[in-house]
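Data first, discussion second: the structure below is written as structure tokens.
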Amino acid sequence: MKLTNADVQVFAGGQIKVQNQKVIFCGEIREISVVGDGNKTLLRVRLSWRARGQGPARNPRRWVNETTGLDFEISLTQFYITNIGKGRRCLRNVATNQLTFLYPPSAPSLNPSDVVGLRQLP
């Protein structure tokens with residue numbers, strides 16, 4: 001499955017979760033786009049907030065707000081993309097085994113009220 005800029009727009013306002021063997025973070029997607037083509041395709045993401053999981057990456061004990069890393073890019077050149085239900089996508093990097101999950105606004109992964117230090121808007 002190839003991911004296009006039009007495909008990812010449904011995730012604006014939703015969430016992204018990125019996980020490898022050591023680290024996991026989750027955040028709310030403010031802007032998202034796919035840029036480039038061929039060997040230089042990138043997923044660009046701008047977050048409204050970002051939380052890092054503390055404890056094991058597979059099952060963090062708690063989530064803590066981070067104020068850095070709100071803008072980042074992920075290369076899509078070595079990814080397998082699969083549908084995982086409810087409009088969600090899983091992107092797996094075949095070289096590093098990093099997992100990136102995209103959640104639409106209707107099916108978020110993390111409740112912002114569960115993030116330590118994240119100030120909620122009224």
Can you list everything that forms a side chain to side chain donor-acceptor pair (under 3.5 Å) with Thr68? Sequence neighbours excluded, please. none
Would you say CD of Gln21 has more than 12 non-hydrogen atoms from neighbouring residues, nucleotides or ligands within 6.0 angstrom? no
Check whether Trp63 and Leu118 end up in the same hydrophobic cluster, where Ile, Leu, Val, Met, Phe, Trp and Tyr are linked by side-chain heavy atoms less than 4.5 Å apart. yes
Just do the side chain to side chain contact (heavy atoms under 4.5 Å, CB included) check on Gln19 and Arg58 with the steps written out, would you? CA-CA 8 Å; Gln19 174 182 348; Arg58 293 184 140 241; 3.6 Å; yes
Within this structure, what is the NZ-OG1 distance for the pair Lys40 and Thr77, rounded to the nearest 0.5 Å? 10.5 Å
Less than 4.5 Å apart, side chain to side chain, heavy atoms only: is that true for Arg88 and Asn83? no
Report the C-alpha separation of Leu47 and Ile16 in whole Å, then their side-chain angles, then the decisive distance to 0.1 Å, and conclude whether the side chain to side chain contact (heavy atoms under 4.5 Å, CB included) test is met. CA-CA 9 Å; Leu47 301 176; Ile16 187 170; 3.7 Å; yes
Which pair of heavy atoms, one from Ile81 and one from Leu91, lies closest together, and at what distance? CG1-CG, 3.9 Å
Going by the salt bridge (Lys or Arg N to Asp or Glu O under 4.0 Å) test, which pairs reach into residues 60-72, not counting sequence neighbours? Arg46-Asp71, Arg50-Glu66, Arg52-Glu66
Which pairs pass ring-ring contact (aromatic ring centres under 6.0 Å, His included) with one or both residues in residues 6-29, sequence neighbours excluded? Phe25-Phe72
Smallest separation among heavy atoms of Val18 and Ile74, with atom names: CG2-CD1, 4.2 Å
Going by the salt bridge (Lys or Arg N to Asp or Glu O under 4.0 Å) test, which pairs reach into residues 94-107, not counting sequence neighbours? none
Ser109 meets the side chain to side chain donor-acceptor pair (under 3.5 Å) criterion, sequence neighbours left out, with Lys17
Is there a side-chain contact between Val34 and Thr4, using heavy atoms and a 4.5 Å cut-off? no
For a quick test of reading the model, state the closest non-hydrogen atom pair linking Pro105 to Gly13 and the distance between them. CG-C, 3.7 Å
Smallest heavy-atom separation, Ser75 atom then Phe79 atom, equals O-CE1, 2.7 Å
If you take all heavy atoms of Gln9 and Ser33, which pair is closest and at what distance? NE2-CA, 4.1 Å
Ile32/Leu102 under side chain to side chain contact (heavy atoms under 4.5 Å, CB included): CA gap, chis, key distance, verdict: CA-CA 10 Å; Ile32 187 168; Leu102 297 173; 4.0 Å; yes
Out of curiosity, Trp49 CH2 to Thr67 OG1, how far, rounded to the nearest 0.5 Å? 14.0 Å
Between the CZ atom in Arg30 and the CG atom in Leu70, the distance rounded to the nearest 0.5 Å is 7.5 Å
Shortest non-hydrogen contact from Leu110 to Ala51? CD2-CB, 4.2 Å
With a cutoff of under 4.5 Å between side-chain heavy atoms, which Ile, Leu, Val, Met, Phe, Trp and Tyr residues group with Ile84? Leu99, Phe101, Tyr103
Rounded to the nearest 0.5 Å, how far does CD of Gln54 lie from CD1 of Ile24? 12.5 Å
